[in-house]
Each structure stands twice: as C-alpha cells, then as structure tokens.
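Data first, discussion second: the structure below is written as structure tokens.
In listed order, ligands and their atoms are each counted from 1. Below, each value reflects all heavy atoms present in this structure, side chains not excepted, and no hydrogens, waters or symmetry copies. Heads up: numbering here begins at 1 and tracks the sequence.
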Amino acid sequence: MKLGFEETQAAYSSGSQNARVWTERWVKDQLFCPNCGHAKIIQFPANRPVADFFCSSCEEEFELKSQKTAFRAKVVDGAFRTMCERLAASNNPNLVLINYDLAQLSVKNALIVPKHFFVREIVQERKPLAESARRAGWIGCNILLGQIPQAGKIFIVRDGQPQPKELVLAEWKRTLFLRRQNLEGRGWLVEVMRCVESIGKTEFDLDDLYTFEQHLSKLYPNNQNVRPKIRQKLQELRDHGFLDFVSRGRYRLRERL
Ligand SMILES: [Zn+2]
C-alpha cells in the first residue's frame with residue numbers, strides 16, 4: 001500500500017478541496033474492501049446523497065471524510081434527520097476517515113468505522129443554524145467518535161504505517177454480529193463494549209461493569225433493570241466470541257487475532 005498522493009497538481013485554490021480530490025484518488029487506488037477483501041473499491045458518480053464508494057463484489061458502501069488534523073472526539077457530519085434515517089437503513093455506508101499530511105502529501109491515518117457501530121447514541125444533534133445563515137434553521141449533527149469503542153475503529157493506516165490486511169479483515173469480522181441486532185439492542189451492545197474497554201483490563205469482574213450502572217441509567221432512563229441488562233449483554237458478547245466467561249462473574253476479553 002502506497003501512502004503518497006498521485007497527481008498532486010493543485011486544481012483548486014482551496015487546500016481542503018485539493019485534498020478531497022487527492023484522498024478520493026487514494027481510496028480508489030489503494031483501499032481494499034474490509035468486508036470481503038476485494039482488492040479495490042469503486043467511486044460512485046459525483047453528487048450521490050450519502051455514499052462515495054462501493055465494493056463491486058459485496059456491495060458494501062462507504063462514505064469518505066478527510067481532514068488535515070487528527071480526528072478528535074467529534075466529527076461534523078450532515079443533516080441530523082438524514083443521519084437518523086440512515087441508522088435504520090440497510091445501505092447506510094461505512095465511514096472512512098482519513099487524516100493526511102499536506103507537507104508530505106500523504107496519508108497519515110486511515111480508519112474505518114463499520115456501519116454497525118452507528119447507533120443513536122453516537123449521533124449528536126447540533127443547534128439549528130442562526131436566522132442570519134444562508135440555510136437558517138438547518139440542523140446538522142456530530143458523530144461522537146469518542147463514544148465508539150476501539151473495536152469499532154479499524155485502522156488501515158496508523159501513524160503512517162499500513163496495517164496488515166489480514167488484521168483489518170479479522171477486526172472487521174469480529175463485530176459483524178452487531179448487524180444481526182435491532183437498533184436498540186445494538187446500542188446497548190456497543191455501549192457495554194465501550195464500558196468493558198474503559199475498564200482497561202483483559203480480565204474483569206461483573207463489579208467492574210456495575211460501576212457504569214449510573215452512566216447507563218442516565219443513557220437509558222426508561223430501563224429500570226440496568227444490572228440484569230448488563231449481564232444479558234455480556235452473555236451476548238460471549239455468545240458472539242467477543243469475550244469469554246472465566247468463572248462466575250469473571251470475564252476475559254478475547255484476543256483480537
Ligand atoms: Zn467487498
């Protein structure tokens with residue numbers, strides 16, 4: 001995998017517009033499909049409402065966002081309502097995030113957030129645009145990248161290092177079970193995954209998870225039985241091979257490869 005951009009003559013006066021063209025070209029030339037391993041993904045004709053690329057082999061769709069600075073806790077995305085509708089749609093695209101280096105004209109980080117990590121909890125409604133704005137009243141959204149578990153951020157290039165393709169494909173497969181859940185069940189699983197990760201230990205106890213009880217009650221105010229729900233979700237994560245039960249009330253995260 002080459003990280004440098006091809007044909008970097010500046011067609012636009014804006015740096016970000018040029019970078020858009022360069023990163024699109026890079027995705028087209030260098031990116032394989034993380035779902036089926038197909039060597040290339042294809043660019044949609046311009047002006048599609050959401051997706052930018054698709055895989056001709058498995059039909060998975062991808063949206064590209066690129067920026068100069070490293071991605072932080074929030075990524076600004078399009079219309080809030082469109083995003084909420086997308087969550088339930090089967091052709092919701094996966095999100096490809098590229099962080100590039102303008103001095104080197106190359107890709108620094110490229111990661112994919114699989115679409116099954118897109119749950120209501122990670123979409124934040126922004127304030128409507130002011131009356132004075134051209135699109136007054138329009139409501140955009142943020143993707144709360146910080147709320148997505150590490151398992152949902154699959155690096156293809158990390159700090160200028162391309163990651164092995166087998167690793168990317170394995171990481172992708174590891175959480176595909178989320179696609180078989182409904183939106184609410186998926187939200188809970190993603191949230192419990194994130195709690196498990198933030199314990200920061202490979203082996204942990206149920207009590208470690210119960211420290212998130214308040215946090216989860218706040219997130220799901222209609223649920224009066226957070227503890228049983230946590231146990232249920234841990235069981236599901238075990239059934240899908242994400243973690244193992246060691247002994248009563250004790251769990252171990254499954255190795256990534
Ligand atoms: Zn594919």
Side-chain angles (χ1 to χ4, degrees), residues 1-6 20-67 71 75 77-78 82-83 85-100 106-119 122-123 143 145 148-158 161-183 185-186 189-190 193 240-242 254-257:
M1 177 180 279
K2 284 193 227 156
L3 299 183
F5 297 141
E6 302 281 330
R20 174 79 203 176
V21 175
W22 299 334
T23 49
E24 279 178 355
R25 171 78 194 262
W26 183 83
V27 169
K28 196 157 67 85
D29 291 346
Q30 303 292 333
L31 205 60
F32 54 86
C33 172
N35 184 51
C36 73
H38 196 69
K40 290 228 185 297
I41 58 174
I42 296 170
Q43 193 162 16
F44 272 119
N47 301 321
R48 289 260 314 183
V50 183
D52 302 303
F53 294 89
F54 69 100
C55 172
S56 61
S57 172
C58 71
E59 298 185 342
E60 202 73 13
E61 298 189 4
F62 303 88
E63 178 192 9
L64 170 65
K65 283 199 173 292
S66 51
Q67 65 182 45
F71 286 98
V75 180
D77 211 313
T82 315
M83 180 57 80
E85 286 165 5
R86 266 171 64 179
L87 295 179
S90 60
N91 66 339
N92 185 24
N94 304 282
L95 182 62
V96 178
L97 297 173
I98 291 181
N99 154 224
Y100 51 81
S106 71
V107 171
K108 214 162 147 189
N109 290 291
L111 64 119
I112 302 196
V113 180
K115 65 179 178 185
H116 41 275
F117 280 88
F118 281 76
V119 291
I122 67 142
V123 182
I143 301 298
L145 211 52
I148 299 174
Q150 291 308 320
K153 294 174 208 168
I154 302 176
F155 278 85
I156 293 167
V157 178
R158 190 195 282 266
Q161 295 294 325
Q163 305 297 296
K165 184 174 175 180
E166 320 81 77
L167 184 70
V168 173
L169 298 182
E171 289 270 279
W172 184 275
K173 282 206 175 71
R174 187 169 171 247
T175 60
L176 268 186
F177 67 89
L178 288 172
R179 291 195 181 181
R180 299 193 292 272
Q181 317 287 323
N182 64 23
L183 199 54
R186 210 141 49 81
L189 279 169
V190 167
M193 257 183 200
H240 296 297
F242 191 78
R254 185 92 50 104
E255 290 292 322
R256 287 190 171 201
L257 253 190

P34 versus V168, closest heavy-atom pair with distance: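 It is CB-CG1, 4.1 Å.
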
Sidechain N-carboxylate O distance under 4.0 Å for R179, E60: yes

Pairs meeting criterion salt bridge (Lys or Arg N to Asp or Glu O under 4.0 Å) with involvement of residues 20-33, two or more places apart: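 For residues 20-33: E7-R25, R20-E24, R20-D52, R25-D29.
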
R186 side chain vs H116 backbone, donor-acceptor pair below 3.5 Å: yes

Expected output: side-chain N109 to main-chain Y100 donor-acceptor under 3.5 Å: no

Polar protein atoms near the Zn ion (ligand 1) [N, O or S; cut-off under 2.8 Å]: C33 SG, C36 SG, C55 SG, C58 SG

Spacing of F71 atom CZ and K153 atom NZ [to the nearest 0.5 Å]: 12.0 Å

